[in-house]
Engineer: 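I have a structure here, written as structure tokens, and I will follow up with some questions on it.
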Amino acid sequence: MSCFIQLHVITSYPPSNLNRDDLGRPKSALVGGATRLRVSSQSAKRAWRTSDIFREALSGQVGTRTKTLGLDVFRSLAGADAINADVLSRFKKDAQLKLAHEATRKIVEQFGSLDGDFPPKKSRTDSGASPDAGADSAAPADEAAGDALLKAFRKSVSTSQLFHISPSELASVRALTDELEQERRLPTDNELALLREDHQAPDIALFGRMLAEKPKFNVEAAAQVAHAFTVHKASAEDDYFTAVDDLNRGQEDVGAGHIGEAGFGAGVYYLYICINRDLLDDNLGGNTSLRDRALAALIEAIAKISPTGKQASFASRAYASYMMAEKGSQQPRSLSLAFVKPIVGSDVIGESIRALNDKLEKMDKVYDKCADERRFLNAETGEGTLAELIAFAQAKCGT
């Protein structure tokens with residue numbers, strides 16, 4: 001059986017809006033019949049993999065998640081500093097632009113379905129103008145038509161879904177682009193073999209990749225990340241605020257220059273992460289040095305990095321108050337059950353740590369040992385260190 005590393009993290013955040021819903025308010029969840037604040041796993045993972053900690057520890061080996069790579073490819077092939085209405089107005093009369101566009105589409109198609117065609121198929125707009133008028137004429141008929149033309153072009157060289165590209169794959173795309181730019185030709189089928197199974201990108205190895213049309217290059221995520229939620233009852237509050245116009249002397253209008261409302265909430269969150277160490281090894285082609293660096297970067301980011309939502313307004317950066325790492329080949333399990341009954345009282349962090357360890361002890365009694373070894377850090381009591389947790393995760397199971 002695989003070696004699993006499980007992390008249980010308790011972090012206290014002051015008033016904040018770390019991860020917003022469609023209304024701009026902090027996300028929430030109903031747990032144990034009580035409303036809690038929530039931070040999605042997607043938000044946390046993005047914060048970790050784009051953090052300075054992660055990128056500095058894994059310099060040059062972190063991938064890129066995008067759907068607009070084709071815009072950069074086209075600019076290079078067309079020799080254009082920017083894609084604008086002036087460039088597109090020459091499209092049907094400029095063989096280089098058409099060649100660059102076709103080559104770009106062939107390259108981008110390797111990573112997913114394209115999002116549209118260009119010139120767009122003819123259809124009558126409300127004004128009676130054809131949306132591709134600008135592709136035939138010296139300039140778009142009006143600003144709206146020009147914007148529509150630019151939007152259609154962007155979609156024609158973009159994928160309909162985000163894809164995760166590794167540094168080695170991105171380097172291959174750029175090398176091919178440079179060659180095609182010099183030779184003014186389309187890529188061959190052999191040159192379009194741009195995807196790699198041995199990508200050596202730690203973020204893809206940890207968080208996975210899905211290419212629906214190229215399943216051979218899919219990567220199963222070695223790290224599973226739960227949604228964090230507050231261990232106690234919590235709900236979003238409203239911050240009513242005003243802004244003053246500095247040049248308003250109050251002679252005619254003494255009101256605020258702007259009035260707004262923002263949601264926020266504070267709480268102590270529980271977060272669970274499970275890492276399949278053996279799968280991480282496989283995903284990185286057995287590169288143990290890179291695996292250890294990836295584990296170190298991820299665990300440090302988990303301990304120190306906060307989601308970036310509304311940081312300028314709330315400065316809600318926080319380090320983990322408590323982290324427990326477990327290691328073993330036993331079937332993983334979350335300890336979120338410790339918080340189905342909301343924590344109450346003034347010592348929320350202390351009670352959370354006690355509840356977590358109490359649930360751990362009882363699970364071990366019922367199911368036998370749920371892990372071979374454990375390490376922890378406790379910023380409340382000054383016990384344990386982050387360095388010890390990282391070294392523990394890097395060591396083999398049973399050592």
Side-chain angles (χ1 to χ4, degrees), residues 7-31 34-57 203 207 223 225-243 258-273 297-324 336 338-339 342-353 355-356 377-382 386 389:
L7 301 171
H8 307 270
V9 188
I10 293 175
T11 307
S12 176
Y13 285 103
S16 57
N17 192 342
L18 300 169
N19 186 202
R20 285 166 275 178
D21 64 16
D22 57 331
L23 299 177
R25 296 171 65 78
K27 289 185 176 180
S28 62
L30 193 67
V31 180
T35 300
R36 319 293 182 94
L37 296 178
R38 174 175 62 93
V39 174
S40 72
S41 59
Q42 298 94 321
S43 173
K45 287 185 286 188
R46 175 170 172 77
W48 299 335
R49 70 179 177 83
T50 59
S51 67
D52 289 341
I53 288 173
F54 206 84
R55 292 190 174 275
E56 288 173 9
D203 52 337
F207 304 128
V225 182
H227 289 223
F229 64 91
T230 54
V231 302
H232 50 82
K233 295 180 181 179
S235 58
E237 300 179 61
D238 294 314
D239 176 29
Y240 172 83
F241 65 91
T242 62
H258 174 75
I259 296 174
E261 188 176 278
F264 72 94
V268 177
Y269 290 76
Y270 168 73
L271 171 64
Y272 171 72
I273 302 103
L298 177 62
I299 293 172
E300 184 177 359
I302 289 169
K304 296 180 178 180
I305 297 299
S306 306
T308 57
K310 288 287 199 175
Q311 284 292 355
S313 298
F314 293 102
S316 49
R317 300 183 183 274
Y319 280 15
S321 293
Y322 183 86
M323 288 184 71
M324 178 172 61
S336 59
F339 309 113
I343 299 293
V344 295
S346 58
D347 183 18
V348 177
I349 295 177
E351 288 298 325
S352 299
I353 295 170
L356 187 69
L377 69 80
N378 188 335
E380 297 298 292
T381 61
L386 180 60
L389 252 65

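We're numbering straight along the sequence, starting at 1.
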Engineer: Between H258 and F241, is there a side-chain heavy-atom distance shorter than 4.5 Å?
Structural biologist: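 Touching, per the 4.5 Å side-chain cut-off.
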Engineer: Would you name the heavy atoms of I353 and E380 that are closest together and state the gap between them?
Structural biologist: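 Looking at all heavy atoms of both residues, the closest pair is CD1-CG, 4.2 Å.
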Engineer: Heavy atoms only: give me the nearest Y13-P307 pair and the separation to one decimal.
Structural biologist: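 Distance-wise, the nearest heavy atoms are OH-CD, 4.0 Å.
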Engineer: Within the distance-only criterion (no hydrogens, no angle test), does the side chain of R36 pair as donor or acceptor with the backbone N or O of V31 below 3.5 angstrom?
Structural biologist: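 Checked: pair present.
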Engineer: Can you find a heavy atom in the side chain of I302 that is under 4.5 Å from one in the side chain of V9?
Structural biologist: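 They are in contact (side-chain heavy atoms under 4.5 Å apart), so the answer is yes.
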Engineer: Is any side-chain heavy atom of N17 closer than 4.5 Å to one of F314?
Structural biologist: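 Yes, close enough: below the 4.5 Å cut-off.
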Engineer: Quick one: OG on S16 to CG on L18, what's the gap to the nearest 0.5 Å?
Structural biologist: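 Answer rounded to 0.5 Å: 3.5 Å.
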Engineer: So E237 and P15, do their side chains get closer than 4.5 Å, heavy atoms only?
Structural biologist: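 No; the side chains remain at least 4.5 Å from each other.
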Engineer: Which value, rounded to the nearest 0.5 Å, describes the distance between I343 atom CD1 and E351 atom CD?
Structural biologist: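 Rounded to the nearest 0.5 Å, the CD1-CD separation comes out at 6.5 Å.
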Engineer: Do other residues, nucleotides or ligands put more than 12 heavy atoms under 6.0 Å from Y319 OH?
Structural biologist: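 Open: at most 12 neighbouring heavy atoms sit under 6.0 Å from OH of Y319.
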Engineer: Can you confirm whether more than 12 heavy atoms, excluding those of R55, are under 6.0 Å from its CZ atom?
Structural biologist: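 Yes, the 6.0 Å shell around CZ holds more than 12 heavy atoms from other groups.
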Engineer: How close do P14 and A266 get, heavy atom to heavy atom, and via which atoms?
Structural biologist: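 Between these two residues, the closest heavy atoms are C-CB, 3.7 Å.
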Engineer: Has Q311 got a side-chain atom pairing as donor or acceptor with S316's backbone, closer than 3.5 angstrom?
Structural biologist: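 Looks like yes, one N/O pair under 3.5 Å.
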Engineer: Return the CD to OG1 distance between E261 and T242, rounded to the nearest 0.5 Å.
Structural biologist: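 Answer for the CD-OG1 pair, E261 versus T242, is 13.0 Å.
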Engineer: Using a strict cut-off of less than 4.0 Å between a Lys/Arg side-chain nitrogen and an Asp/Glu carboxylate oxygen, indicate whether K45 and D203 qualify as a salt bridge.
Structural biologist: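 Answer for the salt bridge query: no.
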Engineer: If every non-hydrogen atom of S306 is compared with every non-hydrogen atom of A318, which pair is closest and at what distance?
Structural biologist: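 Distance-wise, the nearest heavy atoms are OG-N, 3.2 Å.
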Engineer: Look at the side chain of T230 and the backbone N and O of L37, then say whether any donor-acceptor pair between them is shorter than 3.5 Å.
Structural biologist: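 Judged by distance alone, yes, a pair lies under 3.5 Å.
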Engineer: Do F207 and L298 have side chains that get closer than 4.5 Å, going by heavy atoms?
Structural biologist: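 Of all side-chain heavy-atom pairs linking L298 with F207, at least one is under 4.5 Å.
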Engineer: With a 4.5 Å limit on heavy-atom distance, are the side chains of D238 and R25 in contact?
Structural biologist: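 A side-chain contact under 4.5 Å exists here.
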Engineer: Less than 4.5 Å apart, side chain to side chain, heavy atoms only: is that true for L271 and V225?
Structural biologist: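 The answer is yes, as the side chains (C-beta and beyond) meet within the 4.5 Å cut-off.
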Engineer: I need the Y322 OH to Y270 OH distance, nearest 0.5 Å.
Structural biologist: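 OH of Y270 is found 10.5 Å from OH of Y322.
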Engineer: Measure across K27 and D21 and return the closest heavy-atom pair with its distance rounded to 0.1 Å.
Structural biologist: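 Distance-wise, the nearest heavy atoms are CG-N, 3.8 Å.
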Engineer: How long is the gap from OG on S336 to NE2 on H8, to the nearest 0.5 Å?
Structural biologist: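 Answer rounded to 0.5 Å: 10.0 Å.
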Engineer: Output the distance between atom CH2 (W48) and atom OG (S41), rounded to the nearest 0.5 Å.
Structural biologist: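 The distance works out to 8.5 Å.
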Engineer: Is the closest side-chain heavy-atom distance between H227 and Q42 below 4.5 Å?
Structural biologist: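 Yes, their side chains come closer than 4.5 Å.
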Engineer: Looking only at heavy atoms, what is the nearest atom pair of S28 and R38, with distance?
Structural biologist: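 Taking every non-hydrogen atom into account, O-NE, 3.0 Å.
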